[in-house]
Novice: 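If you scroll down you'll find the structure; I have some questions about it.
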Amino acid sequence: MQFDKTQIAIRERGLLELFDLGLLVGKRYAARILVATAAVAIPFMALNVALLWNLRPDLPSDVTTAQYGFLMVILIYLEAPLATALVTLMLGDAMFHDKPDWKRMLSAPFALIPRMFWLVAILRGVVPGMALVFLCTLEDGEAWGFFLFLLIAYATILRGVRPFLGEIILLDRNPLWAKDANTMTIGRRSAALHNPNFGDMVIRAMASTLSLPLAAAICLNIWALRGYLFGQWGWDAMMLDVLLPISLWLVAAYMAVARFLSYLDLRIRREGWEVELVVRAEANRWKGIVA
Amino acid sequence: MVSTIDPIDSRLKIVTPENIAFYYQAAGPFRRLTAFLLDFAIRVAVYVAIFVIVVCSGLMDRVGPLAELGYAIRFLAFFLLDWFYGALFETYWNGQTPGKRALSIRAVTVDGEPINALQAFGRNLFRYADMMPLAPLPFEWMREALNYPGPYLPTFLIGLIVPTLNSRFQRLGDLLVATMVVIEDRSWLMKIAKIEDDRARQLADYIPPNFVAGPSLCKAVATYVERRRFFTTARRREIAGHLAEPMLKQFNLPADTSYDLMLCALYFRTFLSDRSADGTSSDSPVYAGGPASTATNLQTVAKSPSLNQ
């Protein structure tokens, strides 16, 4: 591993350039990104169908179809940061290696799993959100819709102002707790990285809404292609359970790539990460020559 | 193992027939979409203004040829704005439209030269192709309300996928007339950083006189010193420590010398002092260690209170 030979050119970039670069990164690692996304997204798809099972008997009616589709979109929106964790790990590994290696990538310490579960799955509302969606599908479950709305707002704000929590957990691997006040924990690192850049984070969150038209465009094309090829224009179970989630997961995977690049960019601007890589590479050469 | 694959980047190298290389940064779909939306807003605003003028002039209220003139003006305005706005601006504004100018991007040929009128028109001719494929409205009640079941909504996927598949981010119109869109780089080149701390200059004197920094070390030290003012003290120590720590050992300097100061001293010695470049003996070995005696003399410099941050 050579620190100053990264697979993605390291320099400061603007937000739009990061989204454009995300397309190039997506192109080079397309197969691996798809596999990494599918490995987590497929179990989530099955789980989502199970959570919405109560609505299935009424599925042909228009109102229930809209409700079913809407709840499916909410579930995937909430699950996306957790489901794209493998994409982040893969890209982290790919940064310094010609060929990302699954074994090396998955050798990440198991301590990361409880951290991800507590900080992302619980505190960022993934598991509570899934529970609330399930409650909404029960008879007279509409009242839970208000709590679901509050939870989505809470998760959206958290993800907007502190978007890189997953990257900090998976790539920086700081401890969750520390008695020593000088030890860099996940919380301290997150605060140090996000708080001084609050304005940038808000603008980035606003720019991330481009995922909505992107998801709509992909979904509409899949739906129209199916309609033209097979004459099925309805929003049936196949469309709602498989094709709609696939289009949303594709966008979630792309947004994970864009988020990873934004994280690197923030570290470059805030912490001079590219300087550290050059200095560390030179230090390794120096040690080699001296030895 | 050293990487053999080019790093992923939107920067392009163009070599002229005179064998001079230029670097351009290609503008991707998202930056160009923003410029497109700005231009679209301008076109809509101009069309609405023309429409209001036509309505206020009373042409639309009349019957006969005058009413037809009103329709003709509106139709002509729509046609010209839709098909010639981009082409005319790019021809007379050297590859830019108002939207492109706002986003600091410019259409050029793939050789980096200004585009001509034919290229400007050609690349704008295929703008509608980028909006493909069109999809029907998604719900039946929408199709019934519009009374049109066919393709209607532009999804812009061609405009997203085609540029992604080539390294220059060229859309269909660009591929047809061999043009591309680049970002105008107006960034300033970094000057040589000033070393205002006298202690760095003093410390530079303790670097062995026969030491010559190699190109990669020069680059690493220059990168650090040019950016260090943006970092906190702790972060400076963290970054500089990687290189300064083994360097202090090699030069037999006190281990508690400030890492930041050590790299500043090396920078001063390499780029600013009399011994830099021409001043150093060329036959001295690179990465040579210094005499042990330097350590004793340095105590006074290294022990100053703020030095060991």
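The figures that follow rest on heavy atoms only: side chains count, while hydrogens, waters and symmetry mates do not. Letters go in sequence order (proteins before strands), and every chain restarts at 1. What you see is a predicted model; the values in this text were computed from it and never measured.
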Novice: Would you mind checking which part of B/Leu103 comes under 4.5 Å of any heavy atom in chain A, side chain (CB onward), backbone (N, CA, C, O), both or neither?
Specialist: side chain

Novice: Do the side chains of B/Arg227 and A/Glu271 get close enough for a salt bridge, i.e. N-O under 4.0 angstrom?
Specialist: no

Novice: Could you tell me if the side chain of A/Leu24 sits less than 4.5 Å from the side chain of B/Phe169, heavy atoms only?
Specialist: yes

Novice: With a strict 4.5 Å heavy-atom criterion, list every residue of residues 157-164 of chain B that contacts chain A, or say none.
Specialist: B/Leu157, B/Leu160, B/Thr164

Novice: Does any backbone or side-chain atom of A/Leu214 lie under 4.5 Å from a heavy atom of chain B? Answer side chain, backbone, both or neither.
Specialist: side chain

Novice: Could you tell me which residues in residues 186-207 of chain A have at least one non-hydrogen atom under 4.5 Å from a non-hydrogen atom of chain B, sorted by residue number?
Specialist: none

Novice: With heavy-atom distances below 4.5 Å as the criterion, would you say the side chains of B/Arg235 and A/Glu276 are in contact?
Specialist: yes

Novice: Report which part of B/Arg31 has an atom under 4.5 Å of a heavy atom belonging to chain A: side chain, backbone, both, or neither.
Specialist: both

Novice: With side chains defined as the heavy atoms from C-beta onward, is the minimum distance between A/Glu282 and B/Ser216 less than 4.5 Å?
Specialist: yes

Novice: Could you tell me how the ring of A/Trp286 sits relative to the ring of B/Phe251: parallel (under 30°), tilted (30 to 60°) or perpendicular (over 60°)?
Specialist: perpendicular

Novice: Examine whether an atom of B/Glu245 lies under 4.5 Å from a heavy atom of chain A, and if so say whether it belongs to the side chain, the backbone or both; otherwise answer neither.
Specialist: neither

Novice: Assess whether atom CZ of B/Phe139 is packed by more than 12 heavy atoms of other residues, nucleotides or ligands within 6.0 Å.
Specialist: yes

Novice: Residue by residue, which of residues 13-23 of chain A have a heavy atom closer than 4.5 Å to a heavy atom belonging to chain B?
Specialist: A/Arg13, A/Leu16, A/Glu17, A/Phe19, A/Asp20, A/Leu21, A/Leu23

Novice: Using a cut-off of under 4.5 Å for heavy-atom pairs, which of B/Arg11, B/Glu238, B/Lys249 has the most such pairs with chain A?
Specialist: B/Arg11

Novice: Using non-hydrogen atoms and a 4.5 Å limit, figure out which bit of B/Phe231 sits close to chain A: side chain, backbone, both or neither.
Specialist: side chain

Novice: B/Phe156 versus chain A, heavy atoms under 4.5 Å apart: side chain, backbone, both or neither?
Specialist: neither

Novice: In terms of heavy-atom pairs under 4.5 Å, which option from A/Arg270, A/Arg11, A/Arg269 contacts chain B the most?
Specialist: A/Arg11

Novice: At a heavy-atom separation under 4.5 Å, does B/Thr232 approach chain A through its side chain, its backbone, both, or neither?
Specialist: neither

Novice: Against chain A, work out which of B/Ala220, B/Pro136, B/Ala244 has the most heavy-atom pairs shorter than 4.5 Å and name it.
Specialist: B/Pro136

Novice: For B/Ile8 and A/Tyr29, what are the C-alpha separation, side-chain angles and deciding distance, and is it a side-chain contact (heavy atoms from CB on, under 4.5 Å)?
Specialist: CA-CA 11 Å; B/Ile8 303 168; A/Tyr29 299 113; 3.8 Å; yes

Novice: Considering all heavy atoms of both residues, which atom of A/Val279 and which atom of B/Ile239 are nearest to each other, and what is their separation?
Specialist: CG1-O, 3.4 Å

Novice: Is any residue of residues 219-231 of chain A within less than 4.5 Å of chain B by heavy atoms, and which ones?
Specialist: A/Leu220, A/Asn221, A/Trp223, A/Ala224, A/Tyr228

Novice: B/Glu140, B/Met247, B/Arg228: which one forms the most heavy-atom pairs within less than 4.5 Å of chain A?
Specialist: B/Met247

Novice: Is B/Pro151 close to chain A through its backbone or its side chain, or both, or neither, when contacts mean heavy atoms under 4.5 Å?
Specialist: both

